[in-house]
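So the structure is just underneath, and the comments pick up after that.
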There are 2 protein chains.
Amino acid sequence: MILDSVDKKLIALLQDDCKQTTKALSLKLNLSVTAVYERIKKLEKSGVIDKYVALIKKEAVNKSFVVFCHIKLVQHTHDYVVQFEKEVTKLEEVMSCYHISGDYDYLIQVVVKDMEAFREFLVNKLTSINHIGSTHSMFVINEVKYTTAVTV
Amino acid sequence: MILDSVDKKLIALLQDDCKQTTKALSLKLNLSVTAVYERIKKLEKSGVIDKYVALIKKEAVNKSFVVFCHIKLVQHTHDYVVQFEKEVTKLEEVMSCYHISGDYDYLIQVVVKDMEAFREFLVNKLTSINHIGSTHSMFVINEVKYTTAVTV
DNA sequence: GGTGAAAACTCGCACTT
DNA sequence: AAGTGCGAGTTTTCACC
């Protein structure tokens, strides 16, 4: 889908606050309510807008402990990779998992209550997945920046 | 704020789709529309719900190239840390930045168009920040999992 | 892309448990 | 303290210009 400058501005606005009314958006974009409405529908249908979500404060739900783990598999056979990715995706503590270049194969982000919960997760969930060679954990001391908004 | 099981279910629903109507939520939670409405307002006012955003597909806006960079500062004096954090936060390509334990000081996630855009970012933006000692880039081969929803 | 109108939703109010 | 039902005012949605 080709995006013009109005679409880009609209995407920026919705990435910041998706609950603002079409009317509020129409004023910011100098368009009619319907024009904005139809642009949004088009962005949704074409898949540019993936979903609308509420972001919650981790601290408010007792999940303040964030850890990044590097993971190396023992081997990179197709079956091992597929199985690891399937198992790790199932884990609710894992917010994200990326297959990356470099010394390790994967980088995952884990969100839990505290160090004890992380130990539980590491011992009982993560390392019980087959074919994991080694892991290396990096504890988050401070979240300096976090955004879901991509610049368009 | 203390969350009961209905609040938790509500948070889970809103983390998945914040645009569903209060009526749809009330049916899923077996409550009246007003009861749901008031629970949501309470979650918003108490700060449990931080914001409502649209998540967009990076590929659709030509930002498919994701890189994680480890960063080490030359020194950890208060001023250096403050300045680095301030500067890195300003960079639009930086989606997240975490102060972490381990061999490196920071882990940042960068989202750009392609390798060339990343080179530009690295040379002209990131490494032009003062006091950076060394960086180590890990290119994302595949995003295995990504979610903004914390399990409550 | 704009207009207008019906359908659906939001949200304050009065009342109940 | 928390839930229900009502209803005026908005907002969404869509056929038509």
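Numbered from 1 within each chain, the chains take letters A, B, ... in sequence-line order.
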Could you give the [atom1]-to-[atom2] distance, from [X] to [N], as a whole number of Å?
X       : N      : atom1 : atom2 : value
B/Leu29 : D/dG3  : CG    : P     : 11 Å
A/Tyr52 : D/dT12 : OH    : P     : 11 Å
B/Arg39 : D/dA1  : CZ    : P     : 15 Å
A/Ile40 : C/dG1  : CD1   : P     : 13 Å
B/Glu38 : C/dC13 : CD    : P     : 11 Å
B/Lys23 : D/dC6  : NZ    : P     : 13 Å
B/Asn30 : D/dT4  : CG    : P     : 10 Å
B/Lys41 : C/dG12 : NZ    : C1'   : 12 Å

Please state whether the phosphate of [N], meaning OP1 or OP2, lies under 4.0 angstrom from any side-chain nitrogen or oxygen of [X].
X       : N      : answer
B/Tyr37 : C/dG12 : yes
B/Lys42 : D/dA2  : yes
B/Thr22 : C/dT10 : yes

| field | Rounded distance [0.5 Å steps], OG1 in B/Thr34 versus NZ in B/Lys41 | value |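 B/Thr34 atom OG1 to B/Lys41 atom NZ measures 12.5 Å (nearest 0.5 Å).
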Candidates [options] - which lies nearest the side chain of [X]:
X       : options               : value
B/Ser32 : C/dC9, D/dG3, D/dT13  : D/dG3
A/Ala35 : D/dA2, D/dT12, C/dG1  : C/dG1
A/Leu31 : C/dT10, C/dG1, D/dG3  : C/dG1
B/Thr21 : D/dC14, C/dT10, D/dG3 : C/dT10

Hey, quick one: are [X] and [Y] part of the same hydrophobic cluster, counting side-chain heavy atoms closer than 4.5 Å, chains of contacts allowed?
X        : Y        : answer
B/Tyr146 : B/Phe68  : yes
A/Phe139 : B/Ile100 : no
A/Ile71  : A/Met95  : no

| field | Proximity of B/Tyr52 and A/Tyr52 rings by center, below 6.0 Å | value |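 For B/Tyr52 and A/Tyr52, the ring centres are not under 6.0 Å apart.
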| What do you reckon, are the aromatic ring centroids of B/Tyr98 and B/Tyr106 less than 6.0 Å apart? |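 Ring centres of B/Tyr106 and B/Tyr98 not closer than 6.0 Å.
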| message | I need the full list of salt bridge (charged side-chain N to carboxylate O under 4.0 Å, His left out) pairs touching residues 119-145 of chain A, with sequence neighbours left out, sorted by first then second residue. | response |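 Every pair satisfying salt bridge (charged side-chain N to carboxylate O under 4.0 Å, His left out) with a residue in residues 119-145 of chain A: A/Lys58-A/Glu143, A/Glu93-A/Lys125, A/Glu116-A/Arg119.
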| message | Is there, by distance only and without an angle test, a donor paired with an acceptor across the side chain of B/Ser26 and the base of D/dG3 below 3.5 Å? | response |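 Flag unset: no donor-acceptor pair detected.
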| field | Pair of N/O donor and acceptor under 3.5 Å linking C/dC11 base with B/Thr34 side chain | value |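 In this structure, the two groups form no donor-acceptor pair.
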| request: Estimate the overall bend of the helix from C/dG1-D/dC17 to C/dT17-D/dA1 from the end axes over five pairs each, rounded to 10 degrees. | output: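 The helix from C/dG1-D/dC17 to C/dT17-D/dA1 shows an end-to-end axis angle of 30°.
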| message | Pairing donors with acceptors under 3.5 angstrom, does anything connect the side chains of B/His99 and B/Asp105? | response |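 Absent: no donor and acceptor within the cut-off.
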| request: Take B/Lys19 and B/Val6, find for each the nucleotide of DNA chain D with the closest heavy atom, and name the residue whose nucleotide sits nearer the 5' end. | output: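 Closer to the 5' end of DNA chain D: B/Val6.
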